[in-house]
Amino acid sequence: QVQFVESGGGLVQPGGSLRLSCATSGLIFSIYAMGWYRQAPGKQRELVATIFSGGGTNYADSVKGRFTISRENAKNTLYLQMNNLKPEDTAAYYCNLTPRSDYWGQGTQVTVSS
């Protein structure tokens, strides 16, 4: 059974940083493109960062230059380093395959506020 367990969210002031982690199980992690998604209240879930099996990355324009996605295949774990956080980054963050699968974890809440 595929499982994603996100962690690392919290409350941070504008300009601050957080590092999210996603522990995966039930899949051959290293062969899949993985993504971080986020969903703000009243908005659709959106893809913000992708990392391919070979290590290449893509980012949404809204986070480019501030977020860095990475993966550690030996630990079946996905990461998202978020710097210079803005109030508009406030959302629940989820990891999943790219394109998305039907498997979703509980997410981790990121709140950017002074």
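For reference, positions follow the sequence shown, starting with 1.
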Engineer: How many angstroms lie between atom CG of L27 and atom CD of Q1, to the nearest 0.5 angstrom?
Structural biologist: 12.0 Å
Engineer: When rounded to the nearest 0.5 angstrom, what is the spacing between CE in M34 and CG in L97?
Structural biologist: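 Answer for the CE-CG pair, M34 versus L97, is 5.5 Å.
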Engineer: Of the non-hydrogen atoms in I51 and T57, which two are nearest, and what is the gap between them?
Structural biologist: CG1-CG2, 4.0 Å
Engineer: Would you say the side-chain atoms of Y79 and E72 include a donor-acceptor pair closer than 3.5 Å?
Structural biologist: yes
Engineer: Just how far is it from atom CG of N96 to atom OG of S101, taken to the nearest 0.5 Å?
Structural biologist: 3.5 Å
Engineer: OG of S70 to CG of L80: how many Å apart, nearest 0.5 Å?
Structural biologist: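 Going from OG on S70 over to CG on L80, the span is 8.0 Å.
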Engineer: List the steps, then state whether side-chain contact (heavy atoms from CB on, under 4.5 Å) holds for R66 with D89.
Structural biologist: CA-CA 11 Å; R66 301 187 297 120; D89 295 319; 2.7 Å; yes
Engineer: Go through the side-chain N and O atoms of R38 and Y93 and say whether any donor and acceptor fall under 3.5 Å apart.
Structural biologist: yes
Engineer: Between T77 (side chain only) and K75 (backbone N and O only), is there a donor and an acceptor less than 3.5 Å apart?
Structural biologist: yes
Engineer: Assess whether side-chain contact (heavy atoms from CB on, under 4.5 Å) is satisfied between T98 and L47, documenting all intermediate values.
Structural biologist: CA-CA 9 Å; T98 304; L47 176 65; 4.1 Å; yes
Engineer: According to side chain to side chain donor-acceptor pair (under 3.5 Å), does anything in residues 7-36 pair up with another residue at least two apart or in another chain? List the pairs.
Structural biologist: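 Residue pairs passing side chain to side chain donor-acceptor pair (under 3.5 Å), neighbours aside: S17-N83.
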Engineer: Answer with yes or no whether the hydrophobic clustering places M82 together with L11; edges join I, L, V, M, F, W, Y residues whose side-chain heavy atoms lie under 4.5 Å apart.
Structural biologist: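 Shared cluster, no.
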Engineer: Tell me if a side-chain donor or acceptor on R71 pairs with a main-chain N or O of F29 at a distance below 3.5 Å.
Structural biologist: yes
Engineer: How close do S113 and P14 get, counting heavy atoms only, and between which atoms?
Structural biologist: C-CD, 3.7 Å
Engineer: Just wondering, are more than 12 heavy atoms of other shown residues or ligands nearer than 6.0 Å to CD1 in I28?
Structural biologist: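 No - once you tally the heavy atoms of other residues, nucleotides and ligands closer than 6.0 Å, there are 12 at most.
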Engineer: Using 0.5 Å steps for rounding, measure from the OG atom of S62 to the CZ atom of F67.
Structural biologist: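 Interatomic distance, S62 OG to F67 CZ, rounded to 0.5 Å: 7.5 Å.
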Engineer: If the condition is salt bridge (charged side-chain N to carboxylate O under 4.0 Å, His left out), which residues does K64 pass it with, not counting sequence neighbours?
Structural biologist: D61
Engineer: Does atom CD of Q44 have more than 12 heavy-atom neighbours from other groups under 6.0 Å away?
Structural biologist: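 No, not enclosed.
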Engineer: Do Y59 and T68 have side chains that approach each other closer than 4.5 Å (heavy atoms only, starting at C-beta)?
Structural biologist: yes
Engineer: Working to the nearest 0.5 Å, report the span between CZ of R45 and OH of Y37.
Structural biologist: 10.0 Å
Engineer: Please report the closest heavy-atom contact between L20 and T108, naming both atoms and the distance.
Structural biologist: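 Heavy atoms of L20 and T108 come nearest at CD2-CG2, 3.9 Å.
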Engineer: So does K43 get a backbone contact from the side chain of Q39, meaning a donor-acceptor N/O pair under 3.5 Å?
Structural biologist: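 At least one qualifying donor-acceptor pair exists.
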Engineer: Testing the basics here: between L85 and L18, what is the closest heavy-atom pair and its distance to 0.1 Å?
Structural biologist: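 Nearest heavy atoms, L85 then L18: CD1-N, 3.9 Å.
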Engineer: Indicate the ring-plane relationship of Y94 and W104, choosing parallel, tilted or perpendicular according to the 30° and 60° boundaries.
Structural biologist: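 Plane angle over 60°, so perpendicular.
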Engineer: Ignoring hydrogens and angles, tell me if any N or O in the side chain of Q106 forms a donor-acceptor pair with the backbone of E6 under 3.5 Å.
Structural biologist: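 Between the backbone of E6 and the side chain of Q106 there is a qualifying donor-acceptor contact (under 3.5 Å).
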Engineer: Run the side-chain contact (heavy atoms from CB on, under 4.5 Å) check on T90 and Q109 step by step: do they pass?
Structural biologist: CA-CA 8 Å; T90 295; Q109 178 67 36; 4.1 Å; yes
